[in-house]
Every structure is written in structure tokens, then in C-alpha cells.
Chemist: 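Mind having a look at this structure? Questions to follow.
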2 protein chains.
Amino acid sequence: MRSALRDEPVSVLDRILAILETVRESHGSTTITGLALSTGIPKSTVSRLVGDLVRQHYLMRTEDGVVIGLRLFELGARASTPRRLSVAALPVLVELFNATGEHLNVAVQEGRDMLSVISVRGRLRPVPSRAGVRVPSVTTALGKAVLAFTDDESVLCSVMTGLDPHQRRVLERELAMVRAESVAIDRCETFAGVVGVASPVLSPERLPVAAISVAGPVTDMDANRMMPLVRHAALALTHRLALQVA
Amino acid sequence: MRSALRDEPVSVLDRILAILETVRESHGSTTITGLALSTGIPKSTVSRLVGDLVRQHYLMRTEDGVVIGLRLFELGARASTPRRLSVAALPVLVELFNATGEHLNVAVQEGRDMLSVISVRGRLRPVPSRAGVRVPSVTTALGKAVLAFTDDESVLCSVMTGLDPHQRRVLERELAMVRAESVAIDRCETFAGVVGVASPVLSPERLPVAAISVAGPVTDMDANRMMPLVRHAALALTHRLALQVA
DNA sequence: CGGGGCGGTCCCACTGAGTGGGACACACCC
DNA sequence: GGGTGTGTCCCACTCAGTGGGACCGCCCCG
């Protein structure tokens, strides 16, 4: 309890991770001084740690600051969950893309957000989500598809915080619908002008492991036509994952 | 100098990175004890560090060991060089794929290897290289395309080590050809039955920043037809990157 | 069923790795 | 010249991190 404001990291590990996350969040231009300010770590310490990380290519220095380096790219490319999902999802996504031509996503739950793991470009411009970006669980089709099948109370609670009682009731009813239909919808709740249709991918124990979504322009995409297609894709992926284990 | 054998990491940072790299290298099954053995870090220390990393989702525990977690995937997805290249290369790769239908790669230099940054699936099965994997610079078309334009002596030296004088002369002549033609070839030197054709992507200062390659089966791919196509793609990417800066 | 091998976690007294305040260097702009 | 913004380096102090070893749970085997 050296400092009252927030959690000042003390362990070396926490500090390193705090630096990495800060670099990730600030898209492009991070200086040593800036990092010191936003992490609360003394400048000389940041300088030393960043120096070491740069030397080993985990970070990189450009003319306008510190950015994520190639070594972290390499590590990330080997991440277990995304790899497993990619292998299993590829043919499913090809089929779904041929049938829709729209923007596709496969995402997993990560805290109170959904983390996109695979992303296929459709007509939408600008692209609302790429692989590696987070979207909020509460408002997105991807998130609602997973939340409906989650039995982890703590996740539901943390997602609910910030919603007034009325909004909670609306969400609960929506999740019940999702459980019945196996399809969730996001009508411009997250990105203006973008409708999303998603369906959950379940483990053999019927717990959600991921979700697949189709996203397209409100003006121009028929959500009703998408629903069976997405449901079918999610089911196909569910089966392929179950087989992969064996 | 506590221990004579190899470099026993002493700084916390080195230890963390050693653990992460070891997890990456061992595809799938890494135990705490195994990590302790291969990194030379005491078991109790590994247990603590891995515990912390797992708690923060940088690593993940599965039934058969420790694997890379979602947080590292997220960090890797934001890596600067791969992102810049992806944005610029997308249309170029689409065109090249339409013209060839073969396996494509965009890779950058990383130590004495080439690191694939983007990979497009062609006919080849199994896929020789995916995004995030390293291939040796000396034998691959990608590597030779970049080496030919490198002025960094230390890289050339480190790549040369292990080659006998004759092999060196052969390589030097090959690199001279590459400089003249802007195209390098790998005839089954790296992967049996696979030919690669690559061309360098240069910065405005004419230093190599990446390379593009086409790879296909020896039996069935006409390398001569590929050469102008790859050269054109690399040139197009060179131009697009030069514009992107402005 | 007891014993031995193996994997992982936890405890806590010790100590040197990491710290960080401050001096310093450089670059830019009044 | 002085001011303001960077980032790096130094080195005496000290507490975060360490790691040997105890301990727990699991599986296999005689």
C-alpha cells in the first residue's frame, strides 16, 4: 500500500504485463514517459524493462513510439484455443461464406467481452471486427449466443453490472429466446448500421466454447435468411470439435 | 555464474520469456516439471510464475499441460509489422492468388530465419508454412530474396556459419543472381517436393523489409511462369508500403 | 494394500536482483 | 541562452523474489 490510487503493480511480472497491455491499447504512439504515467511505474524502471523487451524483439521501437514486436506475434500465432478453432472452423466458414458473402466471426468468451479469434471479410466497410479484437458481450450477437448457455454466475453478474432492472429483464428474456432458438441477434446495438446474427458452439458437456456470427448492413441483409445458415454452421463446428478431441 | 552449463536466466524478465518460448516450442504438452528441466529454473519458481501467467490468461492449463493463452493471442494480433504488412498486402495477395492458385507467403527477417507473417492456402497439403512459423533463411526462396538485399554483415555471417567454403561460394553466386533478377528460388531445399519462388519487398531506402513467395509441388508448378507474377506482386507491395507511410 | 515414483503447490528465512531518485545527455523550440 | 520535452544511466538500499524442502494427491505395480 505504497500508493492509494488504484493498484500499483509491485511484482516484476505484473509490471511487464502492464507495459505490454498498455502498448497494445495505445494504437501506435507510446513513449517511455507515457508508459510510465499510465502504468504508474517509475520512468527509469520502464526504460529498463522496455529496453530489455525491445532487445529481445517482444517490443519494437519506431520513430513514433513503442509497438508490439515480432516475438509476441510468434507467441500469439501459437495460442492454443485460436489454433484448435481455426483448424476445425475452416471448412465450416468456407461454406457459410459461400452461402452469405457477409462478414463472419468466430469468437470466444474472455472476461466480460467476446474476443474474435477468426474473422472473414465480407461486404462491410469499415470492418467492424478483426481477429484479436474484443467486442462487449452484452450487446453483440456473439456475446448473447454464449451468455445464454453460460452457467457461470460470476460472468453473468459482471456483465449485468451497469444495467438497470428493466434492461436486465429485457436481456434475460432475450437470453431465454436464444436458448430456445440457438440464435442471437444484434440490431445495431454495437455498431451503427450493422446487424449481427450469431449461434453458439458448445462442448460435449453443452457448455459454450465459442460462437459464430454473420454481420452485414441493416439496409441490405435479411437476418431471417441468415438464422438457419448460422445455426447450421455452429452445429457443424460443434460436431467437428467433438471429433477433434478423439 | 552460478552454473556453468549454458545461460541460466537470473532476471525475472528473462525467466518469464524463457518459459513462454519453451511453451511455444513444445507443441501441446508441457508440464511444470518439464518446463523446469528445459529452462533450468527451479520447479517452485516455475510453478509460481506459470501460476501467475495462467491467472492472467497469458498461459492456459489443459489436461495435458500448459499452452499459450488468449491474452498472448490478443497481443500478437496487434503486432505492428504484421498489421502494417497485412493491410498493404491484402489486394496484392488476392491478385497473386487469382493468377496462381498456389500457397502464398509474406515473411520478414527475424534473426537467421524468415518469419511468415501472412499465409494463403493453396493446393499444397500438408501446408508447409503458416503465419507465425519460422523457416530458415539460407535454404528458402523467401530467405534468399531478403538476404540478397541485406547490407547487415552480421546477419549474413550468422547465416553463413555452418556452411563450408564451397557452399558459401554457391550461395554468394545465387544471391548475385537474385540481385539481378529480383527473384529467388528454392527447389526442394527446405520441404521435399515443394518449389518456392520469392521476390523481395524493399523500403524506400532499398533495404529489404519483407518477401513474397509462391510455393507449389515440383511435379506440377511451372516456376518460370511464377517468376514475373511474384516479381510484380513484390513491386506492387513495395509501392503500397511507400505510400502508406505518407 | 502399502510403497514408490511423479506431478504440483506451498512455506518462509535469506539475500541479491531489481529498484528508483536523481544526475545527465540530447533535441527541439521559442 | 533558457526552457521543456524526451530517454538513459548510475549505484546504494531494500524488499520482492527466491528455492530447498516439506507436503499433498494420483497412478501404477508388486
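Please read these numbers as outputs of a predicted model, since none were measured by experiment. Every chain is numbered from 1 and lettered A, B, ... according to where its sequence line falls, protein lines coming before strand lines.
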Chemist: Can you measure B:I16 atom CD1 to C:dG18 atom C1' for me and round it to whole angstrom units?
Modeler: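 In whole Å, C:dG18 C1' lies 13 Å from B:I16 CD1.
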Chemist: Under a 3.5 Å distance rule, please check whether A:H57 uses its side chain to pair with a backbone N or O of A:L72 as donor and acceptor.
Modeler: no
Chemist: Between B:I41 (CD1) and C:dA17 (C1'), how many Å, whole number?
Modeler: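 About 15 Å, once rounded to whole Å.
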Chemist: Looking at A:T45 and A:I41, would you say the former's side chain and the latter's main chain have a donor-acceptor pair under 3.5 Å?
Modeler: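 A pair under 3.5 Å: no.
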Chemist: Measure from CG on A:L49 to P on C:dA17 and round the result to the nearest Å.
Modeler: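 One finds 16 Å between P of C:dA17 and CG of A:L49, rounded.
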Chemist: Can you tell me the distance, in whole Å, between the CG atom of B:D64 and the P atom of C:dG7?
Modeler: 14 Å
Chemist: Strictly under 3.5 Å: I want the nitrogen or oxygen pairs between protein and nucleotides 25-30 of chain C, one per line.
Modeler:
none

Chemist: Among B:R48, B:R55, B:Q56, whose side-chain hydrogen bond (donor to acceptor under 3.5 Å, both in side chains) with B:D52 holds?
Modeler: B:R55
Chemist: Restricting both atoms to N or O, compile the protein contacts to nucleotides 6-10 of chain D shorter than 3.5 Å, with distance only.
Modeler:
from: D:dG7; atom 1: OP1; to: A:I32; atom 2: N; distance (Å): 3.1
from: D:dG7; atom 1: OP2; to: A:I32; atom 2: N; distance (Å): 3.4
from: D:dG7; atom 1: OP2; to: A:T33; atom 2: N; distance (Å): 3.0
from: D:dG7; atom 1: OP2; to: A:T33; atom 2: OG1; distance (Å): 2.6
from: D:dG7; atom 1: N7; to: A:K43; atom 2: NZ; distance (Å): 2.9
from: D:dT8; atom 1: OP1; to: A:R61; atom 2: NH1; distance (Å): 2.9
from: D:dT8; atom 1: OP2; to: A:S47; atom 2: OG; distance (Å): 2.7

Chemist: With a 3.5 Å cut-off and no angle check, do the side chains of B:T150 and B:D152 form a donor-acceptor pair?
Modeler: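 Judged by distance alone, the side chains do not pair up.
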Chemist: Using only atom types and a distance under 3.5 Å, with no angle test, would you say the side chain of A:S26 pairs donor to acceptor with the backbone of A:T30?
Modeler: no
Chemist: Between B:R134 and B:E110, is there a donor-acceptor pair closer than 3.5 Å when you use the side chain of the first and the backbone of the second?
Modeler: yes
Chemist: Do A:T139 and A:T190 have a side chain donor and acceptor closer than 3.5 Å?
Modeler: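 A donor-acceptor contact under 3.5 Å links the two side chains.
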Chemist: With no hydrogens and no angle check, is any side-chain donor or acceptor of B:S47 less than 3.5 Å from a backbone partner on B:K43?
Modeler: no
Chemist: Just to verify, which of B:N105, B:V108, B:T81 counts as forming a side-chain contact (heavy atoms from CB on, under 4.5 Å) with B:V117?
Modeler: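 That would be B:V108; it is the only one of B:N105, B:V108, B:T81 passing the side-chain contact (heavy atoms from CB on, under 4.5 Å) with B:V117.
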Chemist: Nearest-Å distance, CD1 (A:I19) to P (C:dG18)?
Modeler: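 Result: 14 Å.
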Chemist: Assess whether a salt bridge exists between B:E25 and A:R78, defined as any Lys/Arg side-chain N lying under 4.0 Å from an Asp/Glu carboxylate O.
Modeler: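 No, B:E25 and A:R78 are not salt-bridged.
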Chemist: Counting only side-chain N and O atoms of A:R15, is one of them less than 4.0 Å from OP1 or OP2 of C:dT19?
Modeler: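 It does, given that an N or O in the side chain of A:R15 lies less than 4.0 Å from OP1 or OP2 of C:dT19.
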Chemist: Rounded to whole angstroms, how far apart are CG on B:L13 and P on D:dA16?
Modeler: 18 Å
Chemist: Give a yes-or-no answer on whether the side chains of B:S137 and B:D113 include a donor-acceptor pair shorter than 3.5 Å.
Modeler: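 No - no donor-acceptor pair under 3.5 Å links their side chains.
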Chemist: Specify the angle, to 10°, made by the local axes at the two ends of the helix from C:dG4-D:dC27 to C:dC30-D:dG1 when five pairs are taken at each end.
Modeler: 30°
